[in-house]
Amino acid sequence: MKLKYFGLICGVVLSSAFLSVHKVDADTNERTINFSGYEWTVRNSLNLQGPGPNYFSGSDDSVWVDDAGRLHMKIRNVDGKWYGSEIRNKQALGYGDYRFYMSSRVDTLDKNVVLGLFTYDHNSEDAEANEYREIDIEFSKWGEDEGENSQYSLQSTYQRPDRYKTFNSNLEDGDYNTQSFNWKPDSIYFESLYGHYKVPPADYFRYNSMTYTGDGIPNPGLATPHINLWLLNGVAPSDSKEVEVVIKRFEFTPYSPPEVTPPIEEPDNNTDNPKEDPTDTENPAIENPQPEEPKESETPTEPITKLFKIVTGTFIGENNVQKAQKELFNKLGVNATIDNTSKSIPIYNIVTGEFISRNNADKAIKELKSRTGWNANSTPTGNSVTVYRLSTGTIKGKANAEKLLKAFRSKTGLYAVTEKVSGNTYKLVTSGYIMGEQKAKDQLSVYGKVAKKNNWIVRAEKTKTTLPKYRIVISGFYGNDKVNNYKLDFQQKLKWDMYAQKIEDVNLYALSVQDNKDEEAANKLIDQMKKQLHWSASKLEQN
């Protein structure tokens with residue numbers, strides 16, 4: 001992401017533990033498309049989510065593959081609401097060359113539009129520690145009218161400016177362009193080409209490139225290719241027009257480690273070695289050699305059978321690991337044992353200070369969702385506040401009350417009404433609520449001075465109304481670092497008091513599959529777990 005917008009990327013999912021702290025809600029109904037020989041999941045969200053935040057449409061009016069096999073992605077306005085689009089590959093492809101053959105100009109996007117071609121790891125246990133293995137090629141003016149419209153970046157651009165490069169794409173000669181990055185264990189090479197090429201026919205077809213060989217290049221983990229098209233800060237295109245991007249194909253070439261050729265031993269051509277003398281073969285120091293004792297015949301030994309234990313990463317809580325055990329059996333037909341790791345992780349809620357009345361709490365929830373993309377609930381605190389209003393002394397006669405009312409509104413700026421006390425006696429009262437005694441005193445100190453100048457009596461009057469107080473609760477944060485990071489983020493965006501509220505320490509569990517005798521079969525099972533279930537697993541030799 002561009003430096004000042006990098007923090008807008010969405011948060012991480014611990015999907016292997018079935019406990020989501022990501023902003024993607026369970027209300028999604030995602031479909032799958034086939035594009036360039038791969039299956040891709042089309043993102044669908046009914047709520048605002050990062051990046052942006054944006055709504056993402058899974059409709060085939062927003063994302064589709066045409067008869068020529070080209071991918072179409074759109075930003076659309078549906079009933080006054082703008083929707084972005086995103087697809088993510090179902091396979092973790094690993095090291096290799098990720099190549100996107102574009103059939104749209106990436107240099108003429110509206111200034112509020114962002115197109116991303118990137119990898120992202122939602123599923124590895126160490127995804128957060130590796131900053132989600134995010135490698136980006138992005139096209140956007142980031143809300144500016146002028147300036148560079150393209151960017152290469154390796155994760156942590158907000159901390160490590162040496163890991164990104166901004167530049168200007170200018171594709172006036174045609175729509176065809178190729179964008180790629182080649183991810184190796186010791187380097188990442190970004191490249192932008194005019195036209196559709198794997199290898200450019202001449203150097204001038206390469207209009208930009210960057211090589212990074214520094215520290216922090218992540219291993220692939222379970223990172224998958226993504227393509228998204230979204231609106232910066234969720235703001236509509238400046239020209240209010242829908243946006244469409246067409247991609248001819250995506251191509252991946254796996255990384256092949258360089259072969260190491262062992263040194264060739266030179267034949268020994270030395271013919272000067274003396275030949276053995278067949279005479280005098282006995283050792284003269286042994287006068288009476290003893291006959292050798294007969295050797296016992298050796299019995300053939302049985303080959304050693306290796307046994308392997310396959311252990312998954314950890315799952316949070318007993319319910320989640322039981323679901324995982326069932327999923328492993330249903331999808332791969334494998335029985336597994338649940339292992340208690342003797343470790344635990346704290347689970348937190350983030351709660352706010354008190355909001356007065358259900359109406360204000362509901363407004364706060366909407367504001368939270370609008371600014372951060374997170375859902376939340378309100379919960380009563382058991383506290384309440386007394387409602388006050390300002391009132392004048394009694395006034396005889398309705399005509400006098402109406403006359404004073406006009407002057408009162410003019411002098412104080414408060415909206416007041418006449419209220420009958422008894423008979424032909426009236427008073428003026430403010431119609432708005434004043435929440436709590438302290439606020440009533442504060443308003444009285446301000447408007448009491450105005451009243452005193454006009455020889456009016458104004459007092460704070462307690463009403464019969466009391467309003468309950470509520471807190472906003474955002475649930476499901478695991479670990480001290482994560483809850484503190486989100487708490488600070490919410491405080492900065494909303495300017496509210498935020499508190500981390502520990503719920504419990506939840507045990508961590510793993511699944512183990514015992515006594516795999518065939519090492520090749522054990523490796524295959526680990527590979528299936530990664531590809532089909534998106535779990536990490538390791539192999540332990542038992543003997």
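Index from 1, following the sequence.
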**Request:** Keeping the roles fixed (side chain from Asp66, backbone from Gly69), state whether a donor-acceptor pair exists under 3.5 Å.
**Result:**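 Yes: the side chain of Asp66 pairs with the backbone of Gly69.
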
**Asked** Ignoring hydrogens and geometry, is there a side-chain-to-backbone donor-acceptor pair from Ser104 to Val246 under 3.5 Å?
**Response**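 Yes: the side chain of Ser104 pairs with the backbone of Val246.
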
Aromatic plane relationship, [Y] with [X] - under 30° parallel, 30 to 60° tilted, over 60° perpendicular:
| X | Y | value |
| --- | --- | --- |
| Trp374 | Phe490 | perpendicular |
| Tyr176 | His196 | parallel |
| Trp40 | Phe35 | tilted |

**Asked** Who pairs with Lys111 by salt bridge (Lys or Arg N to Asp or Glu O under 4.0 Å), at least two apart in sequence or on another chain?
**Response**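 With neighbours one apart ignored, the set is Asp145.
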
Salt bridge between [X] and [Y], side-chain N to carboxylate O under 4.0 Å?
| X | Y | value |
| --- | --- | --- |
| Asp186 | Lys184 | no |
| Glu148 | Lys141 | no |
| Asp79 | Lys81 | no |
| Glu519 | Lys539 | yes |

**Request:** Sort out for me which residue in Asn219, Thr224, Thr119 forms a side-chain hydrogen bond (donor to acceptor under 3.5 Å, both in side chains) with Arg133.
**Result:**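 Output: one option passes, namely Asn219.
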
**Prompt:** Only one of Lys165, Lys198, Arg206 forms a salt bridge (charged side-chain N to carboxylate O under 4.0 Å, His left out) with Glu191, so which one is it?
**Reply:**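 Single pass found, and it is Arg206.
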
**Request:** Taking the six-membered ring of Tyr83 (Phe, Tyr or Trp), confirm whether the NZ or CZ of Arg76 is under 6.0 Å from its centre and within 45° of its axis.
**Result:**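 Here Arg76 fails the 6.0 Å and 45° test against Tyr83.
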
**Message:** Pair Lys369, Glu367 - check salt bridge (charged side-chain N to carboxylate O under 4.0 Å, His left out), show working.
**Reply:** CA-CA 5 Å; Lys369 191 171 183 181; Glu367 185 177 4; over 6 Å; no

**Prompt:** Do Asn507 and Lys343 have side-chain atoms, one donor and one acceptor, less than 3.5 Å apart?
**Reply:**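 Note: Asn507 and Lys343 side chains miss the donor-acceptor criterion.
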
